[in-house]
Each structure stands twice: as structure tokens, then as C-alpha cells.
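Below: the structure, in C-alpha cells.
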Number of protein chains: 2
Amino acid sequence: MLHRQRRFLTAGDIQHELNGVDAKVALSTIYRTLEHLKSRGDIATRIDDAGEAAYIYCEPDHHHHHAICRKCGRVDDVDCTTMEQFAHSVLASSGFALDGHDMEFTGTCATCR
Amino acid sequence: MLHRQRRFLTAGDIQHELNGVDAKVALSTIYRTLEHLKSRGDIATRIDDAGEAAYIYCEPDHHHHHAICRKCGRVDDVDCTTMEQFAHSVLASSGFALDGHDMEFTGTCATCR
DNA sequence: ATATTTGCAAATAATTTGCACGTAA
DNA sequence: TTACGTGCAAATTATTTGCAAATAT
């Protein structure tokens, strides 16, 4: 199911998606499955505006970033190769030895415009 | 106290900083003060690796990003003007109308190298 | 039969809130 | 006095865990 979704879902969202109105899958099962998927490197996590963890099926090992539509929540993957080099050069002057970065974009996707 | 610190502190960290070993300021007071500071636009928040909220005194309205040293935790501010234009052009081709972004860098600061 | 997964309920832990008390204007 | 900030304890909420029943190998 996660594989079909192109947006971030909380544990509760996932439960609703799986079960409709009446819950059939326990939250504990969902959390355990999410942990399993994370250890396999199959999902990315973020904290939403309410402070709740949200999950999306993707390949975090293939380093990339996410553009999240404010209207429909759909997530587009954004390649970061060039961005990474750029960030390096920007920070080089400050003496900060960069070894990682994390970016997230928000806006309106092509469909919602 | 926050103004003097150049790193992200959790509510618990703040309590320890203020009181040393024996606590004199209640956590509820700290949370309420943090909320107050946030509404004034005086602090930025992030979620640390343990999933706990961490706070730093800065001016989020003056849009910028943070470079966090992996060794000492010190935070350097990173201007984003050029980065922003760059992100715009990268995303323009995907049809995604960018209206915001969030970036965080990690590495080793000039002092710790 | 044996190992693994599940649901349920209880435990955890960060954060929030109610309330009585102290402090300041 | 009157409004406001504080501490404490209880409530809230997402997440984790123990355990017994269910399912799969």
C-alpha cells in the first residue's frame, strides 16, 4: 500500500488507509512493520506540523530530497547532485567541513496548480 | 541563557543549564517560555535524532539555515539567498511551484577540525 | 511442531494543562 | 487588590513493549 502512495502518511493514516472505517490492523503491527521497512532502507521519515512522524516509501540510500505539495500532499523526488556540490562551495568559505545535508521543499505540484 | 548558547537544546538540556544538578525551574515553565519565544519569532525548533524537540535562539524570520557540528553541536548560520534561487531553477523544470524550503547541514565546524 | 506475526493492553516518555500559590503592579 | 508567572501533579498523546493467541513454515 505504501508503495502506491506518493505522500507522507502517519501511523494513523496508514491504519485508516488499510482498514477504512473499522480498524483491523493494530497500530503496534504498523509501527513494527515501519521499523522493519526502515531497517531495510525502504522508507523515509519526517515529522509533520503536528509533531507526528510520517512515512513515505522511497529509497533513502539513493540520496535525494522531497518536494511536498501544500494542497494534495503529493511528494516529488528531487535529485540533489548539483545541489550538493553547490552547498559544498557555499560552505567552504565558512570553514565548515560539510559531510551531510537535509532538504525539504514545499509548494504546489504541477497537478494542483 | 539561550541567547548565549550557539547550539540546539532540548527542554531537559535547558533545565540542566539553568539549574545545574538540582532543578529549580519546572519543565512546564520552560515549555511555556519556549512557546512564548516561538510566538515572538525568537527561536527555531528541530527534532533531534532521539525524536525530541530542540531549540535555538535565532531569528527565523530572517530566513537562513543551520550547519550543525557533529562533534560539538555548535550551529553556524548559513545564508540561503543564492541557494534559494538555485532551488527555484532546479525545480522549475519539474513543474513544481516552490514557495518554501528547509535545509540543514551537518559536518565539522572550523574549531573542531 | 516450531518459528514468526499479530492484537491487545499496559508501560514509556515528551509535552500540555488545571489549579493553587506566590509575586509583582 | 488584581493580574500574571510558577511549580506541582495529573492528563494527554504518540510510540514501544510484554505476552498470549493466531498464523505460517
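Please read these numbers as outputs of a predicted model, since none were measured by experiment. Just so we're on the same page: letters track the sequence lines, and every chain starts at 1.
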Please list, chain by chain and in numerical order, all residues satisfying salt bridge (charged side-chain N to carboxylate O under 4.0 Å, His left out) with B:R70, sequence neighbours excluded. A:D99
Between B:A50 and B:D48, which heavy-atom pair has the shortest distance, and what is it? N-OD1, 2.9 Å
Side-chain heavy atoms nearer than 4.5 Å, only ILVMFWY residues, links allowed to pass through others: does that put A:F8 and A:I47 together? no
Could I get the full list of ring-ring contact (aromatic ring centres under 6.0 Å, His included) partners for A:Y57, not counting sequence neighbours? A:H3
Scanning both residues in full, the closest heavy-atom pair of B:A53 with B:T45 reads CB-CG2, 4.3 Å
What closest approach, in Å, do A:C109 and A:R74 show between heavy atoms, and which atom pair accounts for it? SG-NH2, 3.6 Å
Identify each atom pair where a protein N or O and an N or O of nucleotides 23-25 of chain C are less than 3.5 Å apart, giving names and distance.
none

With the sugar-phosphate defined as primed atoms, P, OP1 and OP2, and the base as all remaining atoms, what B/S/- string results for nucleotides 11-20 of chain D, 5' to 3', for protein heavy atoms under 4.0 Å? ---SSBBB--
Quick one: side chains of residues 61-68 of chain A, donor-acceptor pairs under 3.5 Å with protein atoms, not counting sequence neighbours, listed by atom name and distance.
residue : atom : partner : partner atom : Å
A:H63   : NE2  : A:H101  : NE2          : 3.3
A:H64   : ND1  : A:H62   : O            : 2.6
A:H64   : NE2  : A:H66   : NE2          : 3.2
A:H65   : ND1  : A:M103  : N            : 3.4
A:H65   : ND1  : A:M103  : O            : 3.4
A:H65   : NE2  : A:H101  : NE2          : 3.0

Output the rounded distance in Å from CD1 (A:I47) to C1' (C:dA14). 12 Å
Which residue pairs pass the salt bridge (Lys or Arg N to Asp or Glu O under 4.0 Å) test when at least one of the two sits in residues 104-113 of chain B, sequence neighbours left out? B:R46-B:E104
For B:L9 and C:dA14, what is the distance between atoms CG and P respectively, to the nearest whole Å? 16 Å
